[in-house]
Every structure is written in structure tokens, then in C-alpha cells.
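Here the structure comes first, spelled out in C-alpha cells, and everything after it is commentary.
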Amino acid sequence: MDIIFNDQKVVSISTEKMFGDKELRSNAKVLFENSGILKIGHGFKRIAKILLERGIHIKGIEFDTELAAYLLNSDLQDFDLNKIYFIEFGDNVSFDVKSRLSAISALKKSLWEKLKLNGLLKLLEDVELPLSPILAEMEFVGINVNQKNIEILSKKTEEQIKNLEKDIYKFAGEEFNISSPQQLAHILFTVLGLKGKVRKTGKGALSTAAAELEKLSEEHPIIDLILKYRELQKLKTTYIEPFPSLIDSKTGRLHTTYNQTGTTTGRLSSQNPNLQNIPARTELGQEFRRSFVADKGFQLISFDYSQLELRIVAHISNDEKMMEAFKRGEDIHTRTAAEIFEVSADKVTKSMRRDAKTLNFGVLYGMGQMGFQRASGVTRERAKEFIRKYMEEFSGVAAYMEQTKQSAYQKGYVSTIFGRRRKLEGIKSNIPELIRQAERMAINMPVQGTAADLIKMAMVKVHNFVHENLSHEEARMLLQVHDELLFEVRADLAQKLSKDIRDIMENVFKISVPLTVDVKCGDNWSDMRSLSVN
DNA sequence: TGGACGTGCCAC
DNA sequence: AAACGTGGCACGTCCA
Ligand SMILES: Nc1nc2c(ncn2[C@H]2C[C@H](O)[C@@H](COP(=O)(O)OP(=O)(O)OP(=O)(O)O)O2)c(=O)[nH]1
Ligand SMILES: [Mn+2]
Ligand SMILES: [Mn+2]
């Protein structure tokens, strides 16, 4: 690990060397945990995690050239020291230690000036820098997994998949690879001769996407079997099979890796495994989610911002109607669901509300009538009418959309209310399709990015609160899922901590509408009961 | 054999 | 599939 201490003493440490020796190790602890000794480096999250594995909690991170580069240009693919240095100075960094450290030093000076110039220093110092060791800790702590539950689920789905395969081959009259869209299309449209109109994919092949197959389900019983097969196969190959091998056999816990520089908007991403896309919707998905469990004597508590990006766009656009709705405590997702599905608000199911989310955010971020139709199932006329009325009712939001496009075109970038930026070169293209696409990106980023800023700030505040008041044996933050934080808390503290953490999250930053947080608590990540405000 | 690409689908 | 956006990941196919 290459680190510059106190802007002077330049050190590169081989981990093996440092931790092989008892004395060096205790010296290292003193050095790294001294917040008065300022550290400069490239990618401190990785370093912080290595140190945590040796019982050291790093403090005094002054500057991280990787995070600085990310704030200055969030759409870079790769934030390698070499790449960043080359972009900055048009030269390569040699492999030797001295070169790496002087590269970091030079980058720090140069990037610091640019951050200051672009008003990004506060985001770096108050948000990204303090967040990085927190993410390292969350990765290090991991989440407890019930392997038995996954095992049982595995047997069940395996059996079902086998049976489905048999039935599908029988209908098809031959065996083929159901997972191959090409072979599947051949069976459906050539062998079985299905006549239902199906869209072409981008490259011109007949689409076998679920939305298309659903339209054929009346025409042949094989369709429903294929859809079920897809659902089970997805669960099996993406979740059930890979997860057990990723569990730490000593602790039974599963550790993700967060990427703090992986999105153009400021969101985090999660990989190996991705714990931000654990199934939640279907019955089967919920069964898998049930495998994420609290330690003995602990509870999982989930804190999820209510309608987060709608509240943010209400604030950014200063939309009177939307602001009023939130001040009255309305649920706009539920309202949309009631309207689209033509039921009263109290008859809106979870599934209907999730579909309404797609519509509300879809329209906000530029969904057309066709897209709305597909997502909602309503007629062309009703789709068109809904979008028109949405823009009419929330005229402030409509104005925001227009103004943001203009501003993006004029400045070449858009930004969140805290100044995080996304460059949008594509908006100056000559290709209409690329312009439209860039426009939609422009509308989305300030909202999604502000949401990311807010939850990052909340994470820092909540983490500080928890560490100042409790030990790791009492409460720990496990996961972030974009607008949700998942904690593992000693059962007897759950009630009180729920209130404290909710308060911190709801008051993280005052905007023109209330921010509210839904709190749920349970033994696993699936069966959770709501905790009320008091 | 392995990487790039296309298709598809999970979450927010 | 597309005039919603942001991701990660698995599989099949094609090609070097
Ligand atoms: N563009 C887009 N953004 C989405 C979509 N689904 C979720 N998001 C974004 C906007 C949401 O505010 C944010 C958090 O997702 P949630 O599932 O928690 O929804 P939300 O907070 O809006 O409603 P909630 O009250 O928590 O059920 O993620 C989507 O389908 N499209
Ligand atoms: Mn939410
Ligand atoms: Mn959420």
C-alpha cells in the first residue's frame, strides 16, 4: 500500500512485511489510528479494509486521488492510478515505489486545485472521504447467511427446473437449449409456428424477452412453462449457486465489495456478490431473501427513505403541487397505482405499487407513451392521457425537465444540489437518438445523484452516532441499497436505535418537503414488521 | 480457451 | 423493444 504521511514522509509498505512482525504491527496501529497523522493515497477503501482485517481502524485520511478523480469526472471507466495520472499529465507512472508515490503527490496538488475550482471539496471532505472507511467496515463485517435455507431452496428449484425442462421438450417435440434465445426463438416461431407478433431485438432477431413471451401465452401452453423456467433458472444461476461459495466458512457471513467510483450519478454499486439486487418481488425471490438473517440475539433493521427521488424532484423543481402532496403526507406511488389499476387506494397491493413506481419514475425521466403502455398494460390513449395529466399537474417538474436539458446543453454538465457533477458530452451530438438519450440522463442525474448524496451523508452521520454511543457488539451497519440502510442490532436495543437512526436519516439535510423513513425490523431480510414513528 | 458482444433479468 | 434512469451478472454465441 502506497501512502503519504503528513505530506512529507513518503511510505510504501508491503502488507506481509508490516504484519509479519509483532512490533511493526503495533507501530502500524499507532501510526494509522492517529488522526493527527494525515494520510494521502489512492483508493483508501481497499487499504482501510486490509487494515481492519489486522485490527486497525484507519483515521486521518486527508486526500484520496481516486475519489478526487471520480468527483471531477464520474463517467471514467477506470480509476487506476496510472490512468488518472495519464489523463492529468499525459505521462505514465513507472512501477517502482518512488514513482507511484510521487505520482500520488503530484496528482493531489493538481486535483485539489480543480476540486476547489469546481466547488467539489466539501463533497470530497465531508462525504466521500469519511465514507470510504465506513464502506470498508461494512464490507468487512458482512452479513449472516442461512446456508441451510439456500440448500433447501436449491433442491426445490432444481427439481422444478428438471420437470419444466421435460414438459418444455415434450411440447417442442425435441430437446434444445432453453437458455439460448436463438434456439428458443427457432422452436417457438419455426418449429411450433407461433404467429403472435413479436418485436425484434436491437440486432434484428426475434425477441424472446419476458414481456414479449407474455403476449403469446394464450397461443401456446409452452410459454408459461418457459417463463417459469426463466424465473427459476435466474434464481438458481445468479443467486442460489454462486452465493454459498462466497460465504466465509469460518464466520458464515457474506461480504460484498462496494464500488465508490462505479456510477455516473454518485450512487454506489455492489459486486462479488451484488447485494443491491437481492430478489424482493416474487414469492421465490422473497424465499431467497429470507436467507439473509440476523445473528443470534440480534435483529435486522431496515431504514428506507419513502418515495425518495419524488421528494427530491419536488424540492429541486419547487413544484407546488408535489410539495403540497408531500407536506400532506401523501403517497404518490399509491395514488398512481390506484389510478392505473382503477382501485381505491386501500386496495393497492405491493405489486401494484411497485409497478406504479416504474410509471412515476419512468414518466419523470422521459418515458414515452409506448414505454408507458408496456409498463402499465393500459391502452395507448390512457398512456398518453396519464403522461399529459402528470405534466399538467406537476408543471413545475415539467419545467425542471425542460430547464435541465437547456442547462445541460449550455454547460455540458449537470449537477446535484450539493454540486456533484456529471459531464454530458453526448448532448452535443448530431445524432438525434443520442441527444434524446443524453437529455434523459441529464434529467435523471441531479435527482438520483442528490439521493445518493443524501444517503451518503446519512451514512456518515449514522455511523458516527453508532460508534460514539455503542460497541460493535451492539449495533452495526451492514448494507446500503441506494436509499436503504440495513443494520444488525442487539435485539434489546432495536426499539431505541430505530428511533435514533430514523431521526438522523430524516433530518440529514432539510429540503422543502419532509424526508420520511420507513423502518422495518425482523430476524431476516424478508419477514419484517413495520416500526411506527414513536 | 478466453474475451467481446448480445440478450435477458434481478434490484433501486 | 422502446423516448424512464442507475447498476451487476449469467448465459450463449462468435471469433481469434
Ligand atoms: N428511474 C428509476 N428509478 C427508480 C426505479 N425504481 C427505483 N428507483 C429509484 C427512485 C427511488 O426513489 C429510489 C429508491 O427506490 P425504492 O424502491 O425505495 O422506491 P421509493 O423510495 O421511491 O418508494 P418507497 O416509498 O421506498 O417504496 O430508487 C425505477 O424503476 N426507475
Ligand atoms: Mn425508498
Ligand atoms: Mn429502497
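Given the structure is predicted, the values throughout are model-derived calculations rather than measurements. Lettering of chains follows the sequences in order, A, B, ..., and the numbering in each one begins at 1.
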For this session: May I ask you to check whether F361(A) and H333(A) place their ring centres under 6.0 Å from each other?
Result: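 Distance test on ring centres: under 6.0 Å, yes.
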Taking [atom1] from [X] and [atom2] from [N], how many angstroms apart are they, rounded to a whole number?
| X | N | atom1 | atom2 | result |
| --- | --- | --- | --- | --- |
| R199(A) | dG6(B) | CZ | C1' | 20 Å |
| Y365(A) | dC4(C) | OH | P | 15 Å |
| Y390(A) | dC4(C) | OH | P | 14 Å |
| Y239(A) | dC11(C) | OH | P | 13 Å |
| L364(A) | dC12(B) | CG | P | 18 Å |
| L206(A) | dG6(B) | CG | P | 18 Å |
| I278(A) | dG8(C) | CD1 | P | 14 Å |
| M441(A) | dT6(C) | CE | P | 5 Å |

Problem set entry | Pairs touching residues 203-227 of chain A that satisfy ring pair (Phe, Tyr, Trp, His ring centres under 6.0 Å), sequence neighbours left out |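 As it turns out, the ring pair (Phe, Tyr, Trp, His ring centres under 6.0 Å) pairs with a partner in residues 203-227 of chain A, which skip direct neighbours, are F171(A)-H220(A).
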Under 4.0 Å between any heavy atoms, over every strand shown, what does [X] touch: base, sugar-phosphate, or nothing? Just pick one.
| X | answer |
| --- | --- |
| K357(A) | nothing |
| Q271(A) | sugar-phosphate |
| R267(A) | base |
| A375(A) | nothing |
| G362(A) | base |
| S270(A) | sugar-phosphate |

Problem set entry | First of P181(A) and Q276(A) reached from the 5' end of DNA chain C, by closest nucleotide |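 Mapping each residue to its closest nucleotide by heavy atoms, the 5'-most match is Q276(A).
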When you check the phosphate oxygens OP1 and OP2 of [N], does a side-chain N or O of [X] lie under 4.0 Å from one of them?
| X | N | answer |
| --- | --- | --- |
| T263(A) | dC12(B) | no |
| R230(A) | dC9(B) | yes |
| T265(A) | dT6(C) | no |
| N272(A) | dC9(C) | yes |
| R422(A) | dG5(C) | no |

Problem set entry | Nearest-0.5 Å distance, CD1 of residue I316(A) to CD of residue E309(A) |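 One gets 9.5 Å once the value is rounded to the nearest 0.5 Å.
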Exercise. At what distance, to the nearest 0.5 angstrom, does NZ of K405(A) lie from CD1 of I435(A)?
Worked result: 11.5 Å
Given [options], which nucleotide is nearest the side-chain atoms of [X]?
| X | options | answer |
| --- | --- | --- |
| A280(A) | dC12(B), dC10(B), dC9(B) | dC12(B) |
| P279(A) | dT6(C), dC10(B), dA10(C) | dC10(B) |
| R354(A) | dG6(B), dG5(C), dC12(B) | dC12(B) |
| T264(A) | dG12(C), dT6(C), dG8(C) | dT6(C) |
| T237(A) | dT6(C), dG6(B), dC11(C) | dC11(C) |
| T201(A) | dA11(B), dT6(C), dT7(B) | dT7(B) |
| R440(A) | dG5(C), dG12(C), dA11(B) | dG5(C) |

For this session: Applying salt bridge (charged side-chain N to carboxylate O under 4.0 Å, His left out) between E139(A) and each of R253(A), R46(A), K49(A), report the one that passes.
Result: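 Filter result, single survivor: K49(A).
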Ion pair present between [X] and [Y], side-chain N to carboxylate O less than 4.0 angstrom?
| X | Y | result |
| --- | --- | --- |
| K428(A) | E425(A) | no |
| D453(A) | R420(A) | yes |
| D355(A) | R281(A) | yes |

Check the interface with nucleotides 13-16 of chain C: list each N/O to N/O pair with the protein under 3.5 Å, or write none.
from    : atom 1 : to      : atom 2 : distance (Å)
dT13(C) : OP1    : S180(A) : OG     : 2.9
dT13(C) : OP1    : Q183(A) : NE2    : 3.0

Exercise. If a stem is a run of at least 3 consecutive Watson-Crick or G-U pairs, both distances under 3.5 Å, which stems include DNA chain C?
Worked result: B:1-12 with C:5-16
Exercise. Parallel under 30°, tilted from 30 to 60°, perpendicular over 60°: which one fits the rings of F243(A) and Y239(A)?
Worked result: tilted
Problem set entry | Exercise: identify the closest heavy-atom pair between F140(A) and H255(A) |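 Scanning both residues completely, I find the closest heavy atoms to be O-CE1, 2.9 Å.
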Exercise. If we only count heavy atoms from C-beta on, is the K215(A) to L213(A) side-chain gap below 4.5 Å?
Worked result: no
Exercise. Side chains of L67(A) and T261(A): does their closest heavy-atom pair fall under 4.5 Å?
Worked result: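 A side-chain contact exists here, since the closest heavy-atom pair is under 4.5 Å.
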Exercise. Could one point to a donor on the side chain of K234(A) or the base of dC10(B) with an acceptor on the other under 3.5 Å away?
Worked result: no
